[in-house]
Structure formats: structure tokens, C-alpha cells
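Below, all heavy atoms of this structure are taken into account, side chains as well, without hydrogens, waters or symmetry copies.
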Number of protein chains: 2
Amino acid sequence: MLPAEDQPATTRRRDAAATRQLLLDAARRRFARNGYAATTVREIADQAGVNVALISRYFVSKEGLFEACLMGAADELDRVVQKDYSIDAVAASMARHLAGPSADWQAQQVLMLLRSSGDEQADRIRHAKLRFLAERMATAGGWYPGHPEEETLLLRAQVALAAALGLAILRTSAVLEPLASADQEALTEPLRAVMGALLTPQA
Amino acid sequence: MLPAEDQPATTRRRDAAATRQLLLDAARRRFARNGYAATTVREIADQAGVNVALISRYFVSKEGLFEACLMGAADELDRVVQKDYSIDAVAASMARHLAGPSADWQAQQVLMLLRSSGDEQADRIRHAKLRFLAERMATAGGWYPGHPEEETLLLRAQVALAAALGLAILRTSAVLEPLASADQEALTEPLRAVMGALLTPQA
DNA sequence: GAACCAAGTCAACGATTGTTTACGTCACAT
DNA sequence: ATGTGACGTAAACAATCGTTGACTTGGTTC
């Protein structure tokens, strides 16, 4: 239960920022995999090796902890699709975040976009980030505000985003093989096919 | 199912099969939209307009009710992808089930495939159905057991399935516009693009 | 060393969860 | 009409949930 405690005589315990981070990591893992309602604060605290009461102390409430996880994920996900990405670059980035090195950690951030606590503010953050990601992906396909086919391009980008999100779920929640254990390389090709088919500007 | 239909002020209550169905419908709606853990048996009973205790009577437990919903959905979903469907037919069927007439009801069945109660047997049913759907979709792309590129084709079909499932989530859980209110016609085109790109046999 | 305060612990709170038990009540066969 | 059994109701059960307040511990500062 206790995390690696290999600092013999120095710090490690009694460090507010460190335990806060332990709680965030444990909570994100649980929230991403099992959802908000199915996750108990005692589970989180145990996994973090920390007392339950510290959740209320550092994050006010379970919802506060969830929101903190979501905001952290939202910040991190800005890096998934850069402004100047090509369509292939979008596909490559998706594959890297879903199956690359440190994929567990990255996939958790992605899954947070699909978890809801019922809290309005958290839902707003989630919704805004999904919308942002879709627009970034649409941009790779020539979309811009005021484009003559603005809505169609955005719709197609949202379908592409849906594919990536559904992929994250099928790999973790359900464990569909061979998808679940497909590595980054194996995932890049079909993702490139999807992104190309959906985002490539029509003739 | 058999007895007198709509007596205005008299019967209607005291019909075991009917209330059982009321519970199933209410439960499927809640489970599909909010997940298993976030749904309480009292919510279900209230929405069905029946007493809470009847859940235990007719379905043994909350998990029993969930499993009944899932099995019903699994049976229904066999119709989504028929054996002899072409790639375009798969896309059309997906669009019809997600946005066609009676889409609410159909989409709920789809979402049940993504909801987990933690129960092993339910998870097996869910997993088997997902695998079945992916194989059916792969079949539309020329896949068959023993195919030289069997794993690759199946992987691509699973990505296609992920796209359809992700679409169901983004339309209901998150409510991303214009995707959420896109009708069947508007959804057919991008879905055809996805299915075509993923399932079409390579040169 | 004493004082002080943040960090962490412990036990309990009220509320809500799924489930059960004992009790009404309506339909139907005799 | 009258039991009789299935259908439905109401109240309560134990367990668990998130949260709180009083307490102890350990590090830092005079």
C-alpha cells in the first residue's frame, strides 16, 4: 500500500505538495478507468497511501478532486494536436498518445474527457476541451472560421475525434484484442486512414 | 404481453410482464446515459413509476437488472451489422441506428456496450458482443478466419467500431454540436468515409 | 528547549445505497 | 360470495458513502 519510501532519513512524508500530487495521480487513474461514481474516496486515498481526510483538506470535496484531475488533463491535452499539424501528424500524435511510451498516463488524460461527475463546471471544461480538440483537428483539414463548408468540416473532425476516443475506451474499458495490445506502430496506420478519409479536403 | 392493452381507468397495474418491461426500459435509459454506478435503483423505479422492491423481485438485484438490460441490447444489436452487408451498407446501418427514426432507443442499446457494472458475467457478454460486431464489420471488408492478413483486418474493423461507439458517446454524454444534432443523412457520409477507409481491401 | 503551526490521523457523523421483510390488495377460479 | 395466490406497497435493515471535527505528530522559528 505504501509507495516507494526509499528516502531513508530525509523528507518524503509531511510534504503537502507531494501528497497532493499522489492524490491527483491515484484519482486520475481510478476516475479514468472506473468513472466518477464507481470510484470511492477511500480507494483513492488507499492507492495514494494517504489518509482519506486529506482529500477534503486539499481539494475540498470529491468533486473538487475530480475537477482538479480534469483540469490537469485538459492542460495536458492541448499538446495532443498542435496548431500546425498536418493530417498525418494528427494521426501520428494520436497513436503516440494512445500507445506510445507513457501511454498509460496519456490515455488516462484522454479518458478523463469521457468521464462525468454530474457537476456543471466540470462538464463545461470537458465540453470546451472536446470542442477545442475537434477544431484543432478540423484545422489540419483546412477548416477555419467562416469557411464555406465550415459545419461539414467540423462535423467530420468530430467524427475523427470520436474514433480516437472510442479507441481509448475499447483498449482500456473493454479489452478488445488485437486492438488492446496494438503498439504505436500498428495503430498509426489505421488512424492515418481514418484521419485522411475524414479530414482531407474534398476535390 | 398478451393481456388487454389500454383500459383507461382500471387495470394496467398488476401486470407483471408489463411492469417488468417498464423497469427494463427505465433502467436501460439510465444505465446507458449515466452508467451503472451513477444510477440508483430508486431513480429507475421512480422513472418506471413502480415500487423499488419490484426490482429485487423481478431481477434479483441491481446487477441482475443491468445484466437483463445488457442481454436485451446484445440481442438487438445483432441486427446492426448483417452478415452480407457491404461496406456502404455497414455505414448506412450505423447512421440509421445512431440518428435514424427511434434513434434514442437504438443508441441506448449501443451505449450499453460501453457501460460496465464490474460483474464478470456481464463483462463477458459485453466483450463477446463487441468482438462479434467487429468481426461482422471485418467480414464486410473481406475478412475471414485464416485470412493471410487476419489480424490487421480485424484491428482495422475494431477501429471502425471504436469510431461508431465514440460517436454515440459524443452525441449523448458530451453534446458536441454539430455532431449531436446531425441527422441520419448528415451522418451517413462521414461514416461511409470511415468505413471505406478502414475496411476496403488494400491493393 | 518552548512555542507554534502546518501535516497527518482517527473516529464518528448524517445521508444514501441496495436489499429484505411484513403487510395490504386486487384478480380470478371455484 | 369467498378464499387464494400473485402483485404491489411501505418501512426498515445493514452497509457504505462523502465529509467533518478534535486530536496527535513533526518540523521550523524564536
Side-chain angles (χ1 to χ4, degrees), chain A residues 1-3 5 7-27 30-31 34-69 115-119 122, chain B residues 1-24 26-27 30-31 34-69 115-119 121-122:
Chain A
M1 199 178 297
L2 288 180
E5 185 148 352
Q7 311 274 11
T10 59
T11 58
R12 196 39 169 165
R13 230 46 200 214
R14 217 110 188 146
D15 181 343
T19 55
R20 218 186 104 103
Q21 191 60 43
L22 282 176
L23 280 173
L24 274 174
D25 291 339
R30 292 280 185 177
F31 285 149
N34 305 117
Y36 178 82
T39 301
T40 70
V41 290
R42 288 177 172 84
E43 280 178 9
I44 298 174
D46 286 352
Q47 178 151 5
V50 150
N51 193 280
V52 203
L54 297 182
I55 290 181
S56 297
R57 184 197 287 284
Y58 290 137
F59 301 97
V60 181
S61 64
K62 182 189 179 185
E63 278 197 346
L65 175 55
F66 179 80
E67 192 175 315
C69 287
R115 302 304 187 183
S116 170
S117 69
D119 178 55
Chain B
M1 199 175 312
L2 292 178
E5 279 301 313
D6 38 8
Q7 243 78 339
T10 55
T11 59
R12 199 35 162 175
R13 264 320 94 90
R14 228 150 240 279
D15 180 344
T19 56
R20 216 187 108 101
Q21 191 60 43
L22 282 175
L23 280 173
L24 273 173
R30 290 281 185 176
F31 284 149
N34 305 117
Y36 178 82
T39 302
T40 71
V41 291
R42 286 176 173 83
E43 280 179 9
I44 298 175
D46 285 354
Q47 178 150 6
V50 307
N51 192 280
V52 203
L54 298 181
I55 290 181
S56 298
R57 183 197 288 285
Y58 290 136
F59 301 96
V60 181
S61 65
K62 182 189 179 186
E63 278 197 347
L65 175 55
F66 178 80
E67 193 175 315
C69 287
R115 302 305 187 183
S116 171
S117 70
D119 177 55
Q121 184 171 352

- Once you round it to whole Å, what is the distance between C1' of D:dC7 and CG of B:Leu23? 13 Å

- Message: Can you identify which nucleotide, out of D:dT20, C:dG8, D:dG8, has its nearest atom closest to the A:Arg57 side chain?
- Response: C:dG8

- List the atom of B:Arg20, the atom of B:Tyr58, and the distance in Å for their closest heavy-atom pair. NH1-O, 3.4 Å

- When rounded to whole Å, the CG to P distance for the pair B:Leu22 and D:dC7 reads 14 Å

- How long is the line joining CG of A:Asp46 and P of C:dG8, in whole Å? 16 Å

- Query: Given atom CD of B:Gln21 and atom P of D:dC7, what is their separation to the nearest angstrom?
  - Reply: 16 Å

- Item | Lys/Arg cation over aromatic A:Phe31: A:Lys62, 6.0 Å, 45° cone | no

- If you check every side-chain atom of A:Leu54, which of D:dG18, C:dT9, C:dA7 has the closest atom? C:dT9

- Message: Can you tell me if A:Thr19 touches the phosphate of C:dG8, counting only side-chain N or O atoms and a distance under 4.0 Å to OP1 or OP2?
- Response: yes

- Query: A:Ala38 and A:Asn34: which non-hydrogen atoms are nearest, and at how many Å?
  - Reply: CB-O, 3.2 Å

- Message: From the set C:dT19, C:dG8, D:dT19, return the single nucleotide nearest to any side-chain atom of A:Val41.
- Response: D:dT19

- Query: Taking C-beta and beyond as the side chain, do B:Leu24 and B:Leu65 meet within less than 4.5 Å on heavy atoms?
  - Reply: yes

- Note on the structure: Rounded to whole Å, OH of A:Tyr58 lies from C1' of C:dT9 at a distance of 12 Å

- Query: Which pair of heavy atoms, one from B:Glu67 and one from B:Asp119, lies closest together, and at what distance?
  - Reply: OE1-OD2, 3.6 Å

- In whole angstroms, how far is the P atom of D:dC17 from the NZ atom of B:Lys62? 12 Å

- For B:Leu65 and C:dG18, give me the distance from atom CG to atom P, rounded to whole Å. 11 Å

- Item | Whole angstrom value for the distance that separates P of C:dA6 from CZ of A:Arg20 | 17 Å

- Query: Touch check for A:Thr40, heavy atoms < 4.0 angstrom, all strands: base, sugar-phosphate only, or nothing?
  - Reply: sugar-phosphate

- Query: Checking all strands, does B:Phe59 fall into the base, sugar-phosphate, or nothing category for heavy-atom contacts under 4.0 angstrom?
  - Reply: nothing

- Of all the heavy-atom pairs spanning B:Ser117 and B:Glu63, show the shortest one and how long it is. O-OE2, 4.0 Å

Polar atom pairs (N or O), protein with nucleotides 11-14 of chain D, under 3.5 Å:
from   : atom 1 : to      : atom 2 : distance (Å)
D:dA12 : N6     : B:Arg42 : NH2    : 3.2

- Shortest non-hydrogen contact between B:Ile55 and B:Leu23, atoms and distance: CG1-CD2, 3.8 Å

- Out of C:dA27, C:dA7, D:dT19, which has the shortest distance to the side chain of B:Arg14? C:dA27

